[in-house]
Amino acid sequence: MQRQTIERQQLEQDLRLAISRNELEVYYQPVVKSETGRVSSLEALLRWNHPKKGQISPEVFIPIAEDSGLIGEIGKWVILHACEQLSTWRRYGHEQLTMAVNLSSRQREMGFDANFVQEVLSKTGLSTDLLTLEITESLLMRDTEETVDWLGNLKTLGVNLSVDDFGTGYSSLSYLKRFPVDVLKIDRSFVNDLPDDPESVSLVNTIIAMAKSLGLGLVAEGVETQEQVDFLRAAECDLLQGFHYGRPLPVAALTDWLDSDRRASANG
Ligand code: C2E
Ligand code: MG
Ligand code: MG
């Protein structure tokens, strides 16, 4: 346990320097329209290229960033890079593309407010509707007045809000009434066992029916097989994201992916 603590402290120290040492990198994963298989948007996913340990998963370092408060600076860095990159891709002919960025609850206390987001969008020449912020259910469960105001102000700005990993948090759905949510992202644990596991089938069908009746958009996460695509398409889940279509990729590789998607699109 002591060793773990020391290792974590070491990682935190390293993370403090990661931005200035250029070790952080944003990868992008495509989200495609289920009907056509063509790209709709991208999700920005952060990577840390540690000089000694190699690439470290966000599942490891994001919690450290949250606990230490470093998420403030890191979160601002991510959204600025993602918006600059989106702006570049849109200028190079991917005019329909939009971007989703993940948000941590602690960023509220760290200056990630509507003013800041507006500044980033102005600086990068993007309109607010091109940006989606992904929040987790656990953030929405922290139903304080501050959170309601925070997300309300971001929403008023015109950005979209989506619930990440939908279905894995607490079972209370009442937050869907209190927060101005636009999109649900069905967690990959439900998608994983489609189409053979009857329980997963029921759960996914229920989530889709609920989202439709509430007028919410839907993304299925973790789509890996053609069978899952067929099921989700038939169930009228609009958007799909997963290794079946593309892994999160660095800028150059994702640019190639976008270009070949555009060629496929032009060919029919
Ligand atoms: P998330 O936002 O739910 O992102 C989706 C995760 O699922 C990504 O993991 C992605 O690589 C993975 N994934 C996508 N398609 C598939 C698939 O078909 N199969 C499988 N097995 N996995 C798939 P990643 O990139 O390791 O990110 C993990 C989590 O770290 C994210 O989950 C998000 O919660 C967090 N994260 C990443 N970047 C940021 C960031 O910039 N800020 C914040 N606050 N959190 C971030
Ligand atoms: Mg996400
Ligand atoms: Mg997710």
Side-chain angles (χ1 to χ4, degrees), residues 15 18-19 23-32 34 39 41-49 54-86 98-110 112 117 120 131-140 154 160-169 181-194 207 217-229 231-232 237 239-250 253-254 257:
L15 190 56
I19 291 188
E23 292 166 11
L24 296 183
E25 183 177 9
V26 187
Y27 276 35
Y28 299 91
Q29 186 178 30
V31 175
V32 308
S34 66
V39 71
S41 59
L42 302 172
E43 178 174 3
L45 293 160
L46 188 58
R47 297 290 179 265
W48 179 12
N49 302 311
Q55 200 169 73
I56 300 179
S57 160
E59 267 153 15
V60 173
F61 71 83
I62 291 288
I64 297 176
E66 289 174 338
D67 291 346
S68 59
L70 287 168
I71 194 67
E73 189 188 352
I74 291 174
K76 286 181 170 177
W77 185 90
V78 170
I79 194 175
L80 182 58
H81 276 255
C83 287
E84 278 172 347
Q85 191 54 54
L86 176 63
T98 61
M99 181 70 70
V101 174
N102 292 284
L103 195 57
S104 290
S105 57
R106 291 218 52 200
Q107 287 175 258
R108 181 180 59 75
E109 312 136 47
M110 310 190 127
F112 195 104
V117 173
V120 169
L131 180 66
T132 297
L133 298 172
E134 298 194 358
I135 49 200
T136 57
E137 285 184 306
S138 56
L139 190 158
L140 294 175
L154 287 167
N160 304 289
L161 298 179
S162 81
V163 184
D164 211 344
D165 309 337
F166 182 77
T168 58
V181 164
D182 304 286
V183 176
L184 303 182
K185 295 192 78 173
I186 307 174
D187 189 66
R188 72 166 181 265
S189 59
F190 300 112
V191 174
N192 199 35
D193 298 329
L194 294 177
I207 296 173
L218 266 174
V219 181
E221 296 189 276
V223 177
E224 293 183 354
T225 69
Q226 185 60 48
E227 289 71 29
Q228 290 165 353
V229 172
F231 177 91
L232 290 160
C237 178
L239 297 167
L240 310 176
Q241 177 179 6
F243 296 170
H244 178 75
Y245 291 104
R247 290 177 179 264
L249 293 170
L254 207 269
W257 188 99

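Whatever order the structure lists them in is the order used to number ligands and atoms, beginning at 1.
Closest protein heavy atom to atom 38 (N) of ligand 1: Leu46 N, 3.1 Å. Nearest non-hydrogen protein atom to atom 43 (C) of ligand 1 is Asn102 CB, 3.6 Å. Nearest to atom 28 (C) of ligand 1 among the protein's heavy atoms is Glu59 OE2, 3.6 Å. The protein heavy atom nearest to atom 36 (N) of ligand 1 is Pro58 CB, 4.0 Å. Regarding atom 15 (N) of ligand 1, its nearest protein heavy-atom neighbour is Gln29 NE2, 3.1 Å. The nearest heavy-atom contact from the protein to atom 44 (N) of ligand 1 is Ser104 OG, 2.9 Å. Of the protein's non-hydrogen atoms, Leu45 CD1, 3.9 Å is the one closest to atom 8 (C) of ligand 1. At the top of the distance list for atom 13 (N) of ligand 1, counting protein heavy atoms only, stands Phe243 CE2, 3.7 Å.
Using a 4.0 Å cutoff on heavy atoms, Glu66 does not count as a contact of ligand 1. For the pair Lys185 and ligand 1, no heavy-atom separation below 4.0 Å is found.
Across all non-hydrogen atoms, the minimal contact from Glu43 to Asn102 is OE2-ND2, 2.8 Å. The two residues Gly246 and Pro30 make their nearest non-hydrogen contact at O-CD, 4.1 Å. For Ala82 against Tyr28, the heavy-atom pair with the smallest separation is CA-OH, 3.4 Å. When every heavy atom of Phe61 is checked against every heavy atom of Leu15, the shortest pair comes out as O-CD2, 3.9 Å. Between Pro58 and Pro63, the shortest heavy-atom contact is O-CD, 3.5 Å. Contact record, Ala220 with Val191: CB-CG2, 4.1 Å, taken as the closest heavy-atom pair.
For the side-chain contact (heavy atoms from CB on, under 4.5 Å) with Glu221, the lone residue among Ile186, Asp164, Val31 that qualifies is Asp164.
Taking every non-hydrogen atom of Glu221 and a distance limit under 4.0 Å, the qualifying atoms of ligand 1 come out as 3 (O), 5 (C). Close contacts of ligand 1 with Val78, meaning ligand atoms under 4.0 Å from a residue heavy atom, involve 41 (O). Remark: ligand 1 atoms within the under-4.0 Å shell around heavy atoms of Pro248 are 11 (O). Against a heavy-atom cut-off of under 4.0 Å, Val223 is close to the following atoms of ligand 1: 18 (O).
Distances from atom 24 (P) of ligand 1 to the protein include at least one heavy-atom value under 4.0 Å.
Side chains of Val26 and Gln85 form no contact here, defined as non-hydrogen atoms less than 4.5 Å apart.
Side-chain atoms of Trp257 do not come within 3.5 Å of backbone N or O of Gln29 as any donor-acceptor pair. Of the possible polar contacts, one joining the Glu137 side chain to the Gly167 backbone as a donor-acceptor pair under 3.5 Å is found.
Separation of atoms CD (Gln107) and CD1 (Ile74) is listed at 9.5 Å; rounding is to 0.5 Å. Between the CZ atom in Arg108 and the CD1 atom in Ile135 there is a gap of 13.0 Å [rounded to 0.5 Å]. Note that CG of Leu232 and CG of Leu239 are 11.0 Å apart. Values are rounded to the nearest 0.5 Å.
Here atom 17 (C) of ligand 1 lies nearest to Glu224 when heavy atoms of Arg247, Arg106, Arg188, Glu224 are compared. With atom 2 (O) of ligand 1 as the reference point, the heavy atom nearest to it among Asp164, Asp187, Thr225, Thr136 is part of Asp164.
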task: For the pair Ile62 and Ser104, evaluate side-chain contact (heavy atoms from CB on, under 4.5 Å) and give the outcome as yes or no after the intermediate values.
output: CA-CA 9 Å; Ile62 291 288; Ser104 290; 4.3 Å; yes
- request: Report the C-alpha separation of Glu73 and Ile19 in whole Å, then their side-chain angles, then the decisive distance to 0.1 Å, and conclude whether the side-chain contact (heavy atoms from CB on, under 4.5 Å) test is met.
  value: CA-CA 9 Å; Glu73 189 188 352; Ile19 291 188; 3.7 Å; yes
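Listed by chain and residue number, the protein N/O/S atoms under 2.8 Å of the Mg ion (ligand 2) are Glu43 OE2, Asn102 OD1, Glu134 OE1, Asp164 OD2, with waters left out.
Looking at Glu43 next to ligand 1, an N or O pair under 3.5 Å apart turns up.
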